[in-house]
Each structure stands twice: as C-alpha cells, then as structure tokens.
Amino acid sequence: MFLTISTTGIPERPATDLGFLLHKHPEKAQAFSTSHGTAHVFYPEAGPERCTAALLLQVDPVALVRRGKGKGRGGAPDAALAQYVNDRPYAASSLLAVAMAQVFKTALHGVCRALPERAARPMPLRIEVPALPARGGPELVRELFGPLGWTTVEAEPVALDAEFPDWGDSRYVRLVLEGDGLRLADALNQLYVLLPVLDDAKHYWVAPDEVDKLLRAGDGWLAAHPRRELITTRYLARRRSLAREAAERLELVRLAEADGLDVGDVDNAVDEASDTEERPVPLAVLRREAILAALRASGAARVLDLGCGQGQLVQELLKDVRFTEIVGVDVSARALSLAARRLRLDRMGERQAARVTLTQGSLAYTDKRLAGYDAAVLSEVIEHLDLPRLPALEYAVFGAARPRTVVVTTPNVEYNVRWESLPAGHARHGDHRFEWTRAEFRTWARGVAGRFGYGVEFVPVGEDDPEVGPPTQLALFTRTAPSGAEDGPANDRGRADENTREHGHESTHEKEGART
C-alpha cells in the first residue's frame with residue numbers, strides 16, 4: 001500500500017515544513033512495526049519549493065492470515081478469495097488507516113510544537129493513493145471527498161487488465177486530492193475515516209469505542225456531511241446499534257454548531273418538560289469534588305492518586321491545568337488497563353499525555369518513585385486492606401513518600417442505616433475489610449498524624465445528617481515536620497517493614513461502585 005502527501009512552499013514558508021508537521025525528518029527513512037507488517041516513511045523529494053512524504057505499508061501475508069483468518073472483517077472482504085489470494089497487501093484499506101494513525105499520530109491531532117501556527121493554518125496539499133478500493137465507484141469517491149474543501153478530486157478507475165480493455169474497470173481507483181484550504185490534520189483525519197468507508201471492510205472487530213474514534217476524526221466535517229449516514233454505517237461495519245449511537249451524537253453536534261452552542265448545552269436543552277424533579281448528585285461525584293477542592297486549596301501541582309482504580313479521579317485532575325503531573329497507582333493491572341482506556345491515552349495529545357502516568361504498585365510496600373510529590377490521595381482505599389496491613393500503608397505513604405498533603409476518604413459506617421437497599425449489618429461492598437465510625441476514623445487519623453509529623457482536619461462529604469453524619473468522611477493531612485524528619489517511633493517503622501515483607505491482600509476498587 002502506498003500514499004504520498006505533497007506540498008509547495010515559498011521562501012518564508014518552505015515546503016520542508018511538512019517534515020515538522022508530520023514529525024518525520026525529510027533526511028531520514030524510518031520504519032515502524034504494525035500488527036500486520038511494517039510501515040515505512042520516506043521523502044522522494046524535499047526542497048524549499050516542493051516536498052513529498054510517502055507512507056509505504058508492507059503487509060505480512062502470514063500475519064494477515066493468522067490474525068484475520070483470511071475473510072470477513074478479519075481479512076479480505078471477499079470470502080471467495082480464500083486465505084492467501086486477496087488484495088489486502090496492495091490496496092488501501094483500514095490497514096493503511098491504522099498505520100497512518102500510528103505513524104502520524106501527533107499530526108492527526110494537529111500538534112506541532114516547532115511550528116504551531118503552521119499546523120493551525122491551511123496549506124497547499126496534494127495527496128495520492130494509487131490503488132483504493134471503491135465500493136460505489138468513482139462517483140462515490142467524489143461524493144465523499146467533494147464537500148470537504150478539496151478543489152480537485154480525481155478518482156480514475158483502474159482497468160482489470162490494461163491489455164484487455166474489454167474486460168472493463170476494476171473496483172479500484174487512483175485517488176488524487178488537491179487543495180489549499182485544509183489543514184494537514186484535517187486531510188489526514190478525512191483519510192483515516194474514508195479509506196475503510198470506501199473499502200467497506202475492516203480488518204479488526206468493531207467495538208463500541210469505534211464510535212468515539214469516528215467522532216474524534218470527524219470533528220468539524222462529519223456532522224454536516226451530506227453522506228453522513230453512509231459514512232457512519234460503513235465505518236462501523238454496519239453494526240446498527242453503533243451506527244444509531246453515532247447518528248444521535250452527530251445530530252447533537254450539528255444542532256450545536258447551527259446555534260453556536262456547546263454540545264452539552266444542546267443536550268441539556270432537550271430534557272422532557274415533565275422531568276422537573278432535581279436529581280441527587282451521585283456520592284462518587286461529591287467525593288471527587290471534595291478531593292479536588294482540598295487539592296486546589298493546598299496549592300498542589302504534582303499529585304499521586306494511590307489506588308486509582310479505573311481512573312475517574314485522574315480524569316478529573318487532567319481537566320485542571322494547575323495539576324501539572326498526575327500519577328495513578330494501582331495494584332490491579334486490569335484496573336490500570338481500564339483507566340488507560342477511560343483516559344484514551346492512545347489518542348491523547350503529547351502535551352496532555354506528558355502530564356499523566358499510570359503505574360502498577362502495592363501500597364503495602366515503600367516505593368521510591370512516589371517520593372517528592374505535593375499531594376497524595378487515598379480515596380476509598382484503606383477499607384480494602386486487612387487491619388494488620390494498615391501500618392505498612394501508613395509508613396509507605398506518610399513515612400516514606402511523605403507528600404506535603406494527603407487526602408483520605410472512607411465510608412462512614414454510621415450512615416449505612418440511611419441506605420434503603422443495604423441490609424442491616426452489611427458493608428457497602430463485599431471487599432471492605434472494615435468500615436469505621438466517625439470516632440474510629442478520627443482516632444486513627446490523629447494517631448497517624450501524630451506519629452509522622454502531620455496536622456489533620458476533617459471534612460464531611462455528602463449530606464451531613466445530624467444523627468449519623470455524612471456518608472463519606474474525609475481527612476486532610478498537612479505535613480508539619482520537615483520531609484526528612486524521623487517522625488514515627490522505631491517500633492512503628494519495624495512493624496511496617498515486617499508487614500511489607502508479607503504478601504498481604506490489597507484489593508483495590510475496580511469499579512466506581514466498589515468505591516462507594
């Protein structure tokens with residue numbers, strides 16, 4: 001498979017700026033491994049007046065057969081071609097689109113630190129794909145690319161055999177796009193969506209997250225496209241439920257753009273008039289708001305989320321630019337995988353991705369990587385530990401890591417009588433080893449603060465019931481002793497070290513329900 005991107009330049013804006021925008025040096029030929037072969041990027045020409053970048057994808061036929069089984073969504077769209085005789089290694093398809101997303105990931109996001117103004121402006125472009133499957137013929141190619149700002153859309157049919165013209169044309173076209181009204185990022189995102197749409201097949205199973213990918217790549221052009229329904233249906237492999245979801249979300253985008261509003265404002269505006277009852281804010285949301293308020297008040301910039309679970313708090317921290325470095329730690333590899341998916345790390349821009357790190361680790365062990373941070377959060381974590389293991393966590397966080405601020409939240413067992421669905425005598429989650437009263441939590445927190453050189457104050461989270469208190473209790477620890485001070489007595493440290501030598505059970509919340 002082959003694709004070229006060309007541009008022209010002037011002395012003030014040389015064509016070789018294309019190398020900066022693609023993040024690929026014109027003087028280097030680079031190779032990248034993909035799941036089905038090797039992608040090569042090189043420059044057939046690179047001068048101040050004209051520059052061309054080429055992407056060549058060499059597909060491994062054996063890997064293609066092993067992964068895709070040679071037919072259906074996994075391989076060739078024509079089952080009759082069997083396993084080893086198909087067009088997948090030669091014709092542009094979802095294989096090329098995925099390679100583009102991997103090789104030109106930063107360019108697809110429109111990010112270029114070296115030339116940010118150049119990346120944000122339209123530029124003269126010529127894109128050529130020599131062999132593109134087009135189920136619908138050249139007419140459909142022009143219908144799809146024509147409304148997107150290109151001045152020239154050429155879709156030249158490829159003959160089945162040049163020596164036998166009577167055989168007619170194949171379903172492949174030679175695609176040429178030319179124009180000077182598009183940003184490079186816009187052009188790449190259009191190709192990312194429309195290559196598999198024209199091929200009408202994908203080499204991988206289409207999961208629900210494909211809707212998010214489609215909307216991200218189609219931002220700014222798909223909602224108003226006259227062939228929007230065909231694009232969404234084909235891109236999502238004709239999965240009706242996903243196509244319906246995409247259509248609904250795109251319609252919201254179109255309405256918002258027409259009225260100059262945010263999508264959220266339009267979505268709120270279509271609530272049924274009869275639904276006037278104010279809905280209670282979920283406790284998980286109130287808890288995150290309380291934690292964020294405490295962190296902002298402390299002036300923290302570098303934050304640890306210890307026992308981060310699926311990354312809900314990390315996601316909220318990323319929305320606030322004052323938190324410059326965020327580290328999520330969890331013992332569960334599955335939870336970290338779900339957190340990475342929630343945060344969309346694979347699609348996150350470089351600047352945003354540089355702010356967040358997810359790492360596996362146990363809070364019952366000291367970890368040098370966690371030292372030196374402004375703040376640490378233990379949100380609905382301590383109750384998942386057996387009580388004999390708790391001193392190990394105390395020393396690992398308050399004695400070894402020693403952040404300036406520590407925020408701890410845990411359920412208030414006294415409030416459990418207010419949960420109608422919770423049987424008497426039961427904990428809120430089956431993995432909770434204990435749930436403390438307000439007095440028990442304050443006794444523990446004051447003891448930890450005294451041993452390790454911290455002050456502590458307590459904040460209710462949720463409705464503060466006059467009889468049983470709030471559903472969640474929050475302790476805000478602020479370091480008072482120097483970070484290098486030996487605050488805890490020797491027997492505390494020895495007991496913590498003894499606990500860390502044991503392989504204790506630390507089960508972190510893998511669902512937000514577990515955290516409540």
**OP:** Could you please spell out the steps behind the side-chain contact (heavy atoms from CB on, under 4.5 Å) verdict for Phe42 and Gln30?
**Re:** CA-CA 7 Å; Phe42 57 94; Gln30 302 180 52; over 6 Å; no
Subject >> Validation row: Leu476, Val456 side chains within 4.5 angstrom (heavy atoms) >> reply: no
**OP:** Report yes or no: is the cationic atom of Arg479 (NZ for Lys, CZ for Arg) under 6.0 Å from the centre of the six-membered ring of Tyr373, at an angle within 45° of the ring normal?
**Re:** no
Original post:
Could you walk me through whether Arg287 and Gln312 pass the side-chain contact (heavy atoms from CB on, under 4.5 Å) check?
Top reply: CA-CA 11 Å; Arg287 186 164 53 241; Gln312 290 92 335; over 6 Å; no
**OP:** Please examine the side chains of Val41 and Phe32, heavy atoms only from C-beta on, and report whether any two atoms are closer than 4.5 Å.
**Re:** yes
Original post:
Do Asp186 and Leu188 come close enough that some side-chain heavy atom pair is under 4.5 Å?
Top reply: no
Subject >> Shortest non-hydrogen contact between Ile127 and Ala187, atoms and distance >> reply: CD1-CB, 3.9 Å
Original post:
Backbone N or O of Pro411 within a donor-acceptor pair of the Gln473 side chain at under 3.5 Å?
Top reply: yes
**OP:** Taking Asp386 for its side chain and Arg389 for its backbone only, find out whether a donor-acceptor pair lies under 3.5 Å.
**Re:** no
Original post:
Taking atom CG of Asp209 and atom CZ of Arg341, what is their separation to the nearest 0.5 Å?
Top reply: 7.0 Å
Original post:
Can you name the one residue among Ile382, Leu378, Asp330 that meets side chain to side chain contact (heavy atoms under 4.5 Å, CB included) with Leu363?
Top reply: Leu378
Donor-acceptor pairs under 3.5 angstrom involving side-chain atoms of residues 17-27: please list them, not counting sequence neighbours.
unit_1: Asp17; atom_1: OD2; unit_2: Arg118; atom_2: NE; d: 3.2
unit_1: His23; atom_1: NE2; unit_2: Val111; atom_2: O; d: 2.9
unit_1: Lys24; atom_1: NZ; unit_2: Val103; atom_2: O; d: 2.8
unit_1: His25; atom_1: ND1; unit_2: Glu27; atom_2: N; d: 3.0

Subject >> Non-hydrogen side-chain atoms of Met1 and Leu56 separated by less than 4.5 Å >> reply: no
Original post:
Do the side chains of Gln315 and Leu318 get nearer than 4.5 Å, heavy atoms only?
Top reply: no
Original post:
Out of curiosity, Lys28 NZ to Tyr43 OH, how far, rounded to the nearest 0.5 Å?
Top reply: 11.5 Å
Subject >> Under 3.5 Å donor-acceptor, Asp374 side chain and Ala301 backbone >> reply: yes
Original post:
Short question: side chain of Gln360, backbone of Val331 - any donor-acceptor pair under 3.5 Å?
Top reply: yes
Original post:
Which distance, rounded to the nearest 0.5 Å, do you find between the CG of Leu182 and the CG of Asn189?
Top reply: 11.0 Å
Subject >> Over all atoms of both residues, closest heavy-atom pair of Leu283 and Pro471 >> reply: CD1-CG, 3.7 Å
Original post:
Do His40 and Gln58 have a side chain donor and acceptor closer than 3.5 Å?
Top reply: yes
**OP:** Using the side chain to side chain contact (heavy atoms under 4.5 Å, CB included) rule, pick out the option among Val206, Leu242, Val193 that qualifies with Leu214.
**Re:** Val193
Subject >> Donor-acceptor pair, side chain of Arg302 and main chain of Gly372, under 3.5 angstrom >> reply: yes
Subject >> Flag for Trp444-Glu394: side-chain donor and acceptor within less than 3.5 Å >> reply: yes
Original post:
Have Thr359 and Arg369 got a donor and an acceptor in their side chains that come within less than 3.5 Å?
Top reply: yes
Subject >> Any donor-acceptor N/O pair, Asn412 side chain to Val468 backbone, under 3.5 Å >> reply: yes
**OP:** Please answer whether the main-chain N or O of Gly453 pairs with a side-chain N or O of Thr480 as donor and acceptor at a distance below 3.5 Å.
**Re:** yes
Subject >> Contact check, side chains of Val413 and Asn416, non-hydrogen atoms, under 4.5 Å >> reply: yes
**OP:** Determine whether Arg344 and Gln352 make a side-chain contact, defined as any pair of heavy atoms from C-beta on separated by less than 4.5 Å.
**Re:** no
Original post:
Taking the six-membered ring of Phe458 as reference, does the NZ or CZ atom of Arg442 fall below 6.0 Å from its centre and within a 45° cone about the axis?
Top reply: yes
**OP:** For the pair Glu435 (side chain) and Arg428 (backbone), establish whether a donor and an acceptor sit closer than 3.5 Å, ignoring hydrogens and angles.
**Re:** yes
Subject >> Donor-acceptor under 3.5 Å (Thr409 side chain, Glu380 main chain) >> reply: yes
Subject >> Pair Arg249 + Asp212: basic N to acidic O under 4.0 Å >> reply: yes
Subject >> Residue pairs involving residues 97-108 (criterion side-chain hydrogen bond (donor to acceptor under 3.5 Å, both in side chains); sequence neighbours excluded) >> reply: Thr106-Glu350
Original post:
Do Arg355 and Glu325 meet the salt-bridge criterion of a basic N to acidic O distance under 4.0 Å?
Top reply: no
Original post:
Any idea how His432 and His384 line up, ring-wise: parallel (<30°), tilted (30 to 60°), or perpendicular (>60°)?
Top reply: perpendicular
Original post:
Is the side chain of Ser337 donor-acceptor paired with the backbone N or O of Ala333 at a distance under 3.5 Å, no angle test?
Top reply: no
**OP:** For the residue pair Ser94 and Tyr235, establish whether any side-chain heavy-atom pair is separated by less than 4.5 Å.
**Re:** no
Original post:
Between Ala119 and Gly110, which heavy-atom pair has the shortest distance, and what is it?
Top reply: CB-O, 3.9 Å
